[in-house]
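The next block holds one structure in the form of structure tokens; read it before the comments.
Along the sequence shown, residues are numbered consecutively beginning with 1. Order of appearance sets the numbers: ligands from 1, and atoms from 1 within every ligand.
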Amino acid sequence: MGKCIIISNRLPVKVSRADGKYSFQPSEGGLATGLGSVYKKQNNIWIGWPGLFTDDLQQKKQISQALLEQQLFPVFLTAEEINQYYEGFSNEILWPVFHYMSTYARYENSYWEYYVSVNKKFADAVLNIYQPGDTIWIHDYHLLLLPQLIRQSKQDAVIGFFQHIPFPSFELFRLLPWRKELLEGLLGADLIGFHTYDDARHFLGAASHILSLNTSLNTVMIEDRKVAVEAFPMGIDDKKFTMLINDREVQKNIQHLKSTFSGVEMILTIDRLDYSKGILQRLQAFDLLLEHRPDWREKVSLYMIVVPSRDTVPMYRDLRNEIDKLSGNINARYRTNTWHPINYFYRSFPVEMLSALYQFANVCLVTPMRDGMNLVCKEFIASRPQSDGVLILSEMAGAAKELTDAIIVNPNNIAELSQAMIKALSMPEEDQKRSMQRMQELVRKYNVQHWASSFMQRMEDLEPATVVTPANQVSFLSSQYIRNRYVRAKKRLIMLDYDGTLVSFTTDINAASPDDALLEILQDLVDDDRNKVVIISGRPHTILEKWFGHMHIDMVAEHGVWVKKAGKNWESSLKESNTWKKQLLPILQVYSDRAPGAFTEEKSQSLAWHYRGADPATAEVKANELMRNIRYLIADQPLHILQGSKVIEIKNSGINKGKAALAYINDATYHFILAIGDDVTDEDMFMAVKAHGITVKIGNRKTEAAYNCNSYKEARQLLHSLPSRHLLSKWLDKLIHIVPYPEFGRESKK
Ligand code: GDG
């Protein structure tokens, strides 16, 4: 097992210099704690910017050596690089757009140039250290290009990427001038993680809309690789906050708070200065509370910590001024000699003070406009030994997806926010405890160690599955080989799927009728009496009859439910039973309503939910959900769910193209068997045929087939190139008699 290389913009250390020597203290941040258990193990390492500038080679060496002792590798950046790549591209473009505040973005080209060059610098650092078998885990929006930069040099590397901030909906993401490059950069990874399913869904939507990539459930296909996109909600180091509860310093701070805030309820808020945090809206809501509920005056205080951040940037400076003004104004209007409505601190505090506040406050107010996760609310929950206290949480924070027992609010709705504060302040202790206990269980169980190990485990599991082994491309030589086998055969079985194999896979299910060129190719094959040609499709038998009923051709419809031998009538292999269909139809209908363009097709023995006509991003999510629901609903029934290209089909188990193909193979002796198909339902057919004949898959997805073609056009070319009866003269028949035939099918098995 190789080492794990973690990469983030900043190294997880605090740098200090004394007596000309550098020393490095581990940082207390969530990421450092969460990954501490990973990167300190064995020979794992962490790469990142050490947080200081130096051009001096000697100093760089000294720093690198000191860091090496802690398994850390520095990427030294210049002030200009930090200015353009970090402050510029990362924080003035990606941060606002990803937090749905696109009007704050400044699309400077030089920012992009530095972003590219710094990502390359990180890539060089990784490639210097990387060895085959290593696992790479990249963190956050500063390094979106890094997965692909590494992939270009290391095709086989296992690369994971986790984004700590939200991933916006496609409508926001598309605003970025470099949207394509950023997506391609990220798609160099094998596993892309976000805090929530919504973020993952947004990413899949962007990949499908902007790069026109095939996304299916939680995966993106990019060339011959599969990229998994999943949610890994990050937790906190809960034990650290439990330990702090009885810390002496913390207890001292609590005593001090008790004497200062005697008889006053405390609402606590802690944020970094940022426009995404909803600080102004929160103040407005508190103002509203004091205005409309005078009975709460002198009985409640807002304790507001704003951690300084980037306040030399005009936008942040303006925000800070607004906060100063509004909090000053509220205090000026309502304060008394003994009571301050708002206790506002523009600075950071030691964690011993945070823990005291988390324990002392009655209500914690976390109301960002957008937040990837938000750890403050989880820290508050972990710091309540009596399981009391109330959390008010913005629905726009990733944490709201998990902490559903909090009072969930829309941070833009000032009145609702104000009401939520009153509700929290007046909540009976019993109710507080019920909610808090449930949230505490969750915070304990899904802590930061759980998050890190789930992601690592998933990367390990992905290793074999993500690399798609393509079948051999049908080349000049192999098509020559197929033709030779064909020519020498006395009796041939040719089984052809229809949609995506003989015609292009269209989004309009009704627009796929066979064209003249196809009918001509099929007619040529049918005209040769040594051939048995079978169209083997998931389509209803009525449609196949309409399209091919006039030809002397065999047809298998609905994956094997219906069979028609050339010149005979359709026969069903199953007795019709509609009970399960009646139950499932209304459910499929609901999903069609939720994904406009999707529809349900009722076949005699199956139900198919088609979503090729629906918006890809919405439909993939709905398809995912539907699969889960149906799996649950049919658990005790002899039914089978198949997921094909943009279709989910539920049918009686025991019916599939493999069984239908086997029935043909066992029915007679063939010297040449060819099966061509494009989607997962054809894999059963390939399995049945592969020991007996030639299997060809359209597309480059993982397959049981021996060969693949790029498109239905190549499949048609291959069929067209098979010598037709008309062109072969009688001498060929004579020739065939002196060449021994390999035999497949019923008789060969004797
Ligand atoms: C990103 C995403 C996502 C705050 N003030 C003080 C202080 N803090 C600590 C808190 C907490 C952390 O900072 C802030 O937590 P966030 O969740 O807001 O995380 P960020 O690092 O800002 O941001 C965010 C997170 O990544 C993890 O993926 O949740 O959505 O934006 O741990 O305790 N710590 C001390 N003094 C303070 O004054 N010591």
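Annotation: Pro350 places no N or O atom under 3.5 Å from an N or O atom of ligand 1; distance criterion only.
Between the side chains of Tyr114 and Asn119, no donor-acceptor pair of N or O atoms lies under 3.5 Å. Residues Asn83 and Tyr111 bring no donor and acceptor atom of their side chains to less than 3.5 Å of each other. Side chains of Asp274 and Ser276: a donor-acceptor N/O pair is present below 3.5 angstrom, by distance only. Side chain to side chain, Gln84 and Glu80 meet the donor-acceptor criterion of an N or O pair below 3.5 Å.
Within ligand 1, the atoms closer than 4.0 Å to a non-hydrogen atom of Leu375 are 15 (O), 16 (P), 17 (O), 27 (C), 29 (O), numbered from 1 in the order shown. The atoms of ligand 1 that sit less than 4.0 Å from any heavy atom of Val307 are 5 (N), 6 (C), 38 (O). Atoms of ligand 1 found under 4.0 Å from any heavy atom of Gly372 (numbered from 1 in listed order, with element): 30 (O). Counting the atoms of ligand 1 from 1 in the order shown, those under 4.0 Å from a heavy atom of His164 are 2 (C), 3 (C), 24 (C), 26 (O), 27 (C), 28 (O), 30 (O). Numbered from 1 in the order shown, with element, the atoms of ligand 1 that lie under 4.0 Å from a heavy atom of Phe349 read 35 (C), 36 (N), 37 (C), 38 (O), 39 (N). For ligand 1, the atoms sitting less than 4.0 Å from at least one non-hydrogen atom of Asp371 are 24 (C), 30 (O), 31 (O), numbered in the order shown with element in parentheses. Set against the non-hydrogen atoms of Met234, the atoms of ligand 1 under 4.0 Å away are 27 (C), 28 (O). Contact atoms of ligand 1 toward Ser348: 37 (C), 38 (O) (distance under 4.0 Å to a heavy atom of the residue).
If you check each of Met353, Arg272, Arg347 against atom 22 (O) of ligand 1, the one with the closest non-hydrogen atom is Arg272. When Asp274, Val306, Leu354 are checked for heavy-atom proximity to atom 7 (C) of ligand 1, Leu354 turns out nearest. For the residues Asn374, Ile270, Val376, the heavy atom positioned nearest atom 14 (C) of ligand 1 is part of Val376.
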Inset, instruction - Output, in order, the C-alpha distance, side-chain angles, deciding distance and verdict of salt bridge (charged side-chain N to carboxylate O under 4.0 Å, His left out) for Asp405 and Arg438. - result: CA-CA 7 Å; Asp405 285 293; Arg438 281 201 288 255; 2.9 Å; yes
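Both tests do not hold together for Arg458 against Phe232: distance to the six-membered ring centre under 6.0 Å, angle to the ring axis within 45°. Seen from the ring of Trp112, Arg179 does not count as a face-on cation partner, given the 6.0 Å and 45° thresholds.
Judged purely by atom type and a 3.5 angstrom limit, Tyr22 has no side-chain atom pairing as donor or acceptor with the backbone of Leu67.
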